[in-house]
Amino acid sequence: MHREMRGVWVATVGNIDWPSSPNLPVEVLKKEADKIIADSKSWGLNAIFLQIRPSSDAIYKSSIESLSPFICSDTSLLENYADFDALSYWIEQCHKNGIELHAWLNPFRVSPSVEYQPTGTHIMTTHPEWVISYGGKQFLDPGIPEARNYVLSVVNDVVTRYDVDGIHFDDYFYPYPVANETISDFSSFERYNTGRMSVADWRRSNVSTVISDVYSSIKSIKPWVMFGVSPFGVWRNKSVDPRGSKTRAGITNYDVLYADVYDWARRGIVDYLVPQIYWEAGNPAADFDELANWWSGVASDHLKVFVGHAVFKVNSSPAKVWGKVNEIEDQILKVRKNNKLSGSVFFSYRQFLRNINGLQDRMKNVLYTSPSFVDFEATDTIINAEIKNLKRDDDCLRWTLKNEADTANVRYYVVYRQSKTREAELLTAKDVMGITSDMYWDIHPALSRRDREKYVYRVSAVLKTRRETPLSERCSVKE
């Protein structure tokens, strides 16, 4: 498929995916990042969702938040990272490889566990009045306007200073429930509930305000930057709301996490959703097929829906279900068959390094053999580029842009090739030779003259708005 999300989450919290441990030398950090990017490209993926703010801290250079202890937990070593900006490095390397970089932020988490120790000035010490403790963890109270504005300032800083392709929130808004504990937001409820809403409605309103403000702010800074959320896989059960899915989930976005994702879609305050449909087909409480179809009904011309897949369950959950060879592959194919769904995202990178029934090889050799780019286009931004002077130079194709300044508008180039006998046919995904950030492409002539064939090459540019420009003029090459 020519336009399809093929993403992977790379988690930094707890050193799940990257880096493999804190306090590594910068060169090791780079090598680990390079391997993740190279692996992702080899599997046919085109987007990485990198967790840049795991716990109100930063893996990047920030004047707002301190360096994450998942990068450096030893304060005596902080100087070793003074000249290294991990996010800049990830962006540069991803874009060189034709991969989008979505900056994944956890909006409200302050500490993931009682063991968490920040490395410097941290929100839990600078503004403890904004912080709520619950279940052995801490999070920002979404009901406090200053706390919401703080989250917004972090997002604005990232969008302004970094060439990210997207801002991505996960499913942690109000915390997942813990038995016999109550969220202690009574004082903020009494102070800020001016509309006299119920506690549940007020909490949903707080989260929706953050989503709306973040969306509006991103679009005012860089309209082409996507904003998306990966919510829990069930919005509401049909038993309590006729608009809900035919599920029997004990946790839902609307009723438990106070995230009215359905309303966000209706209001157009997110560009995409990646529901975490982490169940198998036929699950009696939350069936994958039912949920994939339900979420596809939320999609629209202005809202893309990608499906989040539970790679971590393969061969690590009940063998009767997740030991099956084709569960994830079947899910990918089902997503592709539904023309309202626009691709897949996998949790998480580390899972691909173990035995997952050969899924990596199937992705590389069967599912994702043709290059693809993400199915989204910023329609309200006018950015242009025109390819000129496509020609052969020895064993290389080269091209230029009509206006050199437009180089800043181009994310990467798509190289198409057809045999001379098929030149009149429409170009398809099978004609894509590759995606590159360079303005050249190596060709490989046949060793034997009798094996040489005449081909026609054309090149397009994919802009940072994700619009593909008109094709260049033809260049005939005998290979």
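In this chain, numbering begins with 1 at the start of the sequence shown. Worth saying up front: this structure is predicted, and the values here are computed from it rather than measured.
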Partners meeting ring pair (Phe, Tyr, Trp, His ring centres under 6.0 Å) with [X] (sequence neighbours left out):
X: F108; value: none
X: W441; value: none
X: Y412; value: none
X: H302; value: none

Any non-hydrogen side-chain atom of [X] less than 4.5 Å from a side-chain atom of [Y]?
X: Y81; Y: N23; result: yes
X: I71; Y: W18; result: yes
X: L105; Y: F169; result: yes
X: W224; Y: N409; result: no

Going by atom types alone, do W264 and S208 pair a side-chain donor with an acceptor below 3.5 Å? yes
State whether a side-chain donor-acceptor pair under 3.5 Å links S76 with D74. yes
I'd like to check the side-chain hydrogen bond (donor to acceptor under 3.5 Å, both in side chains) partners of [X]; sequence neighbours left out, ordered by chain and number.
X: D170; result: W104, N106
X: N389; result: T400
X: D141; result: S188

Could you tell me which residues satisfy salt bridge (Lys or Arg N to Asp or Glu O under 4.0 Å) with [X], sequence neighbours excluded, listed by chain and number?
X: E181; value: none
X: R109; value: none
X: K30; value: E27
X: D406; value: none

Shortest non-hydrogen separation from T126 to I123 and the atoms involved: OG1-CA, 3.3 Å
Does any N or O in the side chain of N15 come within less than 3.5 Å of the main-chain N or O of S20, such that one atom is a donor and the other an acceptor? no
With W202 as partner, the option from Y258, F186, F189 fulfilling ring pair (Phe, Tyr, Trp, His ring centres under 6.0 Å) is F189
Which residue, F346, W9, W279, forms the ring pair (Phe, Tyr, Trp, His ring centres under 6.0 Å) with H309? F346
When the ring planes of F139 and Y174 are compared, do they come out parallel, tilted or perpendicular, using 30° and 60° as the limits? perpendicular
Enumerate the side-chain hydrogen bond (donor to acceptor under 3.5 Å, both in side chains) contacts for residues 152-163, please, sequence neighbours excluded, ordered by first and then second residue. D85-Y162, N156-S217, D157-R161, D163-R411
In terms of side-chain geometry, is the basic nitrogen of R266 or D260 positioned less than 4.0 Å from the acidic oxygen of its partner? no
